[in-house]
Amino acid sequence: MGEPDRKLVDAHYLAGYRGADEFVTSGMVLAFGSGPAVAHCMERVSERVESGELTGITVVSVCRSGEGHRRGLGLPLAPLDVAAVDVMYDTASCVDAGMNAVIGQGEAVLKRQLVRSRSKMLVVLTDFSRNVPVGRGDFPIYVAVARQAPLRVLQSMLSEQAVAEQAQLKKTPGGSLQITEDGFCLAEVIIPRDVPDLRQWCKRVLEIPGVMGHGLCCAAEAVIIGHSRGTNLLLQK
């Protein structure tokens with residue numbers, strides 16, 4: 001395995017730390033997804049708690065990797081069914097100029113949707129290499145599909161011209177179907193280039209029988225894009 005790209009390492013660090021410093025105040029319920037920038041954000045929150053700068057912080061873990069990191073830092077756990085989350089932090093495999101993002105890596109699609117629906121604010125932490133159009137080329141949208149007849153679900157998506165230009169089931173390195181933490185198969189979907197409204201796409205894909213959820217989030221409240229020497233903060237107007 002080669003050495004990590006230093007510019008990306010710095011970008012993740014800077015994005016995570018700015019996310020923690022920009023939006024977190026005492027008494028908040030925070031949710032954390034996965035990814036290196038999110039891990040740095042959690043570490044920075046922990047530093048501020050240990051210093052006494054922050055008090056009354058509790059954390060919702062969106063996926064297993066995030067939960068392991070939370071336990072290691074000793075941050076207090078909030079229940080998954082908490083009524084409201086003040087800020088949800090997550091990574092993005094891609095995020096576009098409209099602040100639409102494919103959050104996570106498909107590992108906990110439904111749990112992310114649940115926590116997002118209860119969050120007052122979603123802050124996407126990413127790096128300069130991921131600032132690209134969503135659902136295009138090498139940056140698909142993750143879709144959770146039922147484990148019963150997943151190929152039939154893919155065919156249904158492909159038959160809808162406004163839903164999928166390409167779709168395939170994601171597999172593990174060993175060749176078996178990848179199963180999400182929610183217990184579903186995971187599909188990678190490339191959407192047609194002429195889709196005019198991503199919100200309508202979100203609604204339509206969920207109407208297809210066997211589709212359980214997806215990783216596309218339209219219009220995050222904030223996006224922090226890390227670079228090797230700084231960050232860009234985008235906010236919804």
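Sequential numbering from 1 along the given sequence is applied to the chain's residues. Hydrogens, waters and symmetry mates play no part in the numbers below; they use all other heavy atoms, side chains included.
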Taking all non-hydrogen atoms of both residues into account, name the closest pair between [X] and [Y] and its distance.
X: Leu154; Y: Ala187; value: CD1-CB, 3.8 Å
X: Leu54; Y: Ser26; value: CA-OG, 3.5 Å
X: Val163; Y: Met157; value: CB-O, 3.9 Å
X: Ala167; Y: Leu158; value: N-CD2, 3.8 Å
X: Ala92; Y: Val124; value: CB-CG1, 3.4 Å
X: Ser34; Y: Arg112; value: OG-NH2, 3.0 Å

Do side-chain atoms of [X] reach the backbone of [Y] as a donor and acceptor pair under 3.5 angstrom?
X: Asn131; Y: Ala97; answer: no
X: Glu160; Y: Val205; answer: no
X: Asp127; Y: Ala11; answer: no
X: Ser156; Y: Arg152; answer: yes
X: Glu221; Y: Leu122; answer: yes
X: Thr91; Y: Gly35; answer: no
X: Thr126; Y: Arg130; answer: no
X: Ser119; Y: Val115; answer: yes
X: Glu181; Y: Arg64; answer: yes
X: Glu67; Y: Val62; answer: no

Working to the nearest 0.5 Å, report the span between [atom1] of [X] and [atom2] of [Y].
X: Arg44; Y: Asp21; atom1: CZ; atom2: CG; answer: 4.0 Å
X: Ile179; Y: Leu186; atom1: CD1; atom2: CG; answer: 9.0 Å
X: Leu114; Y: Asp182; atom1: CG; atom2: CG; answer: 9.5 Å
X: Leu235; Y: Glu22; atom1: CG; atom2: CD; answer: 7.5 Å
X: Leu206; Y: Gln113; atom1: CG; atom2: CD; answer: 6.0 Å
X: Ile57; Y: Arg48; atom1: CD1; atom2: CZ; answer: 8.0 Å

Do [X] and [Y] land in one hydrophobic cluster if side-chain heavy atoms of ILVMFWY residues count as linked below 4.5 Å?
X: Met88; Y: Val60; answer: yes
X: Val143; Y: Phe139; answer: no
X: Leu30; Y: Leu73; answer: yes
X: Ile224; Y: Tyr13; answer: no
X: Phe184; Y: Ile103; answer: no

Does the pair Leu75 and Thr58 meet the rule for a side chain to side chain contact (heavy atoms under 4.5 Å, CB included), with working shown? CA-CA 7 Å; Leu75 290 169; Thr58 54; over 6 Å; no
Pair Phe128-Ser228, side chain to side chain contact (heavy atoms under 4.5 Å, CB included): steps then yes or no: CA-CA 9 Å; Phe128 56 90; Ser228 60; 5.5 Å; no
[X] side chain near [Y] side chain, heavy-atom distance below 4.5 Å:
X: Glu207; Y: Lys203; answer: yes
X: Cys217; Y: Met99; answer: no
X: Ser46; Y: Val49; answer: no
X: Asp197; Y: Val195; answer: no
X: Phe32; Y: Cys41; answer: yes
X: Met42; Y: Tyr89; answer: no
X: Asp96; Y: Leu198; answer: yes
X: Cys94; Y: Pro133; answer: no

Side chains of Glu107 and Thr180 only: does a donor on one sit below 3.5 Å from an acceptor on the other? no
Could you walk me through whether Val87 and Met28 pass the side chain to side chain contact (heavy atoms under 4.5 Å, CB included) check? CA-CA 8 Å; Val87 185; Met28 282 188 166; 4.1 Å; yes
How about OH on Tyr17, more than 12 heavy atoms from neighbouring residues, nucleotides or ligands closer than 6.0 Å, or not? yes
Between His214 and Trp201, how do the two ring planes meet: parallel, tilted or perpendicular, split at 30° and 60°? perpendicular
Check Arg193 with Glu165, please: is the shortest side-chain N to carboxylate O separation under 4.0 Å? no
With a 4.0 Å cut-off, would you call Glu43 and Arg70 a salt bridge? no
Go through the steps for Val95 and Val134 under the test side chain to side chain contact (heavy atoms under 4.5 Å, CB included), then give the verdict. CA-CA 6 Å; Val95 58; Val134 302; 5.6 Å; no
